[in-house]
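Reminder, nothing fancy here: chain letters follow the sequence lines and each chain counts from 1. The analysis underlying the following values was restricted to heavy atoms, covering all of them including side chains, and did not include hydrogens, waters or symmetry mates.
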2 protein chains.
Amino acid sequence: MLFRQLQYLVAVAREEHFGRAALRCNVSQPSLSSGIKQLELRLQVPIVLRGRRFLGFTNEGKQIIEWAERVLSQHDAMMAELSKMRGSLEGRVRLGAMPNSSPIIPLLSRLLRKNHPDVEIDIHFMGIEETIIGLQKYTIDVGVTYLQSELLSGLKSLLIYDERLSLLVPDTEEYEGISSITWKEAASLPLSLLSGSTHERKIVDDAFAEAGEKPKSYVTSDSIMNLIYHVMFAGLVTVIPQNFLLMSGKFSGVRAIKLVEPEVSQQVGLVWSSTEPIMPMARAMVSIIKELKASGKLEEHWG
Amino acid sequence: MLFRQLQYLVAVAREEHFGRAALRCNVSQPSLSSGIKQLELRLQVPIVLRGRRFLGFTNEGKQIIEWAERVLSQHDAMMAELSKMRGSLEGRVRLGAMPNSSPIIPLLSRLLRKNHPDVEIDIHFMGIEETIIGLQKYTIDVGVTYLQSELLSGLKSLLIYDERLSLLVPDTEEYEGISSITWKEAASLPLSLLSGSTHERKIVDDAFAEAGEKPKSYVTSDSIMNLIYHVMFAGLVTVIPQNFLLMSGKFSGVRAIKLVEPEVSQQVGLVWSSTEPIMPMARAMVSIIKELKASGKLEEHWG
DNA sequence: ATGCGTGATAGATAACACCTATGAAATTAT
DNA sequence: ATAATTTCATAGGTGTTATCTATCACGCAT
């Protein structure tokens, strides 16, 4: 049962703990232990660094894990294909999404649940580069990211929506009646922005740069939710994707103002590996996006 | 032991015969039979059409085979990676090559044997489209084809050499002293050309078209060797890649003449899947090509 | 009919994947 | 220091199963 052993191995890699890994695999801890040992015996190479507890993997082990994940990914895809042939798609979609796409993910999962009630969905938020690596290494099935990246060669993609940037401000008299604002003007306001060197932050910086500004950010955070809270409770303003606010009035005490000169627009879409045949989970997600776009639910979602 | 069962399945698919498949897998025929049956049981789906002999596969079976090949491809890659870690690369390279590249393949296999004596090589000649499909379906590890095809997106490639076309003529006084000839002139000679709608034939047709000619082919064959024989024994002329003849005097009674106006040149290179990490067999072939190009053996090979 | 090829079936055996119970070493708490 | 806890390995037993050899059943050709 080599497949099982590979599953044990990746479980140990994820949990870094034999007991929890066994739990995740629904076997007893000794079974998992001996499974790993059998694997090392058959592959003729030590994999786990063992002192009286889990100490990590050997270099060979790390490589084996990468391959094991690929093997299992294909295995799971085969099983999914089979379940579909038998009637209903079963299994798990591993979705890698950029945080900016967070508000629309529920639309996807809702449709997924409707069309394929037996499919679970694992959502992991990650950066664009990480998403692409995940697709290449088969640790995720599909990604949701910006499409215009150069990194997407060798991958297939499908547009979901255009992301527009807005300025989020407190709903006070200071900003009353303002329906649009230029980046230049915004630069002089008390800003809180996303941190780091992410693609998302770069878009904002580029837009300011195009308006000849290089504003400093009073508060820097890696969480959009946290930025919104800063607008609510600290009187700062921030730049967020429109879709975070356009679902009518889910946040109170804040308002979104259109940012112009320039009007920044980014394509957000589904990305998946261009293998042939297409992995069944990826295909399922693609048809869901198509259904979503055709149904008009997207526009409805954000008014 | 699902892996074994998948191997049984693809063996049956290849051999279309249970006994030979068992032989190939080094197990007895009943073992293989029950292995297949176990697989059908576990996957809950009939795979093989059974009357008192092998009658083909069900539709589900055909799909399962595709996935099985992908799974096993990753499995074999993992095993190869492991053997490399343990000292020497072991396994089998599945090479898909276009027939035109036939003369240089021995150079590759010779270097492969030198660098990796434990690696076997399976050479299958096939068309460009077939090669690309094979790479996508993981039925081959690397391909040798023309590089300028549009179909190569999502694949990695490395130039091996430039293919030039020559006119092959009988070594008689009729063609004595002629060292180059135009496509226009060649069009009026008794031609024998490759058949079909292959990429290789299209290049020849395009060259003639560029010279304003659309010659008819007295003899049409899908074998370059056969075309050469027609030049030798039927007094016809043909268009062949230079490299078929430039290895000094392996064919007697024929001569190659340079074809000009236009001078046709096609890049021939190694192609492989752009997965990450790169499959070990593909990596081995890549480094062999690099070594070959650096060593100057290629130029030496054809004078 | 007779013989041959092909795959399924029967019965026996050895391997092994799994379990529970327990042990040994290291870390943490008292 | 001593005890408790955590963590993984080991021991022994059990049921499953992958494999083998030997044989059978069916189709097909001579």
Using atom [atom1] of [X] as one end and atom [atom2] of [N] as the other, report the distance to the nearest whole Å.
| X | N | atom1 | atom2 | value |
| --- | --- | --- | --- | --- |
| A:E15 | D:dT6 | CD | C1' | 16 Å |
| B:I36 | D:dA18 | CD1 | P | 12 Å |
| B:L41 | D:dT16 | CG | P | 14 Å |
| A:F18 | C:dG23 | CZ | P | 21 Å |
| B:R53 | D:dC26 | CZ | C1' | 11 Å |
| A:N26 | C:dA17 | CG | P | 18 Å |
| B:R50 | D:dA25 | CZ | P | 19 Å |
| A:L2 | C:dC16 | CG | C1' | 13 Å |

So, [X] and [Y], do they make that salt bridge, N to O below 4.0 Å?
| X | Y | value |
| --- | --- | --- |
| A:K37 | A:E40 | no |
| A:R113 | A:E120 | no |
| B:R94 | B:D122 | no |
| A:K137 | B:E276 | no |

[N] OP1/OP2 closer than 4.0 Å to side-chain N/O of [X]:
| X | N | result |
| --- | --- | --- |
| A:S31 | C:dA17 | no |
| A:S33 | D:dA9 | yes |
| A:H17 | D:dT6 | no |
| B:K37 | C:dT9 | yes |
| B:Q38 | D:dT16 | no |
| B:S28 | D:dC20 | yes |
| A:Y8 | C:dC18 | yes |
| B:R4 | D:dT19 | yes |

Review point. What does A:S34 touch in the nucleic acid at a heavy-atom separation under 4.0 angstrom: a base, only the sugar-phosphate, or nothing?
Key: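 Contact class for A:S34: none.
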Review point. Under the 3.5 Å rule, do the base of C:dA8 and the side chain of B:Q29 count as making a donor-acceptor pair?
Key: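 Such a pair exists between side chain and base.
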**Study point:** Position toward the 5' end of DNA chain D (nearest nucleotide), B:G35 or B:P30
**Key:**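 Its nucleotide being nearer the 5' end, the pick is B:G35.
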Review point. Taking the side chain from A:H17 and the backbone from A:G19, do they hold a donor-acceptor pair closer than 3.5 Å?
Key: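 Yes.
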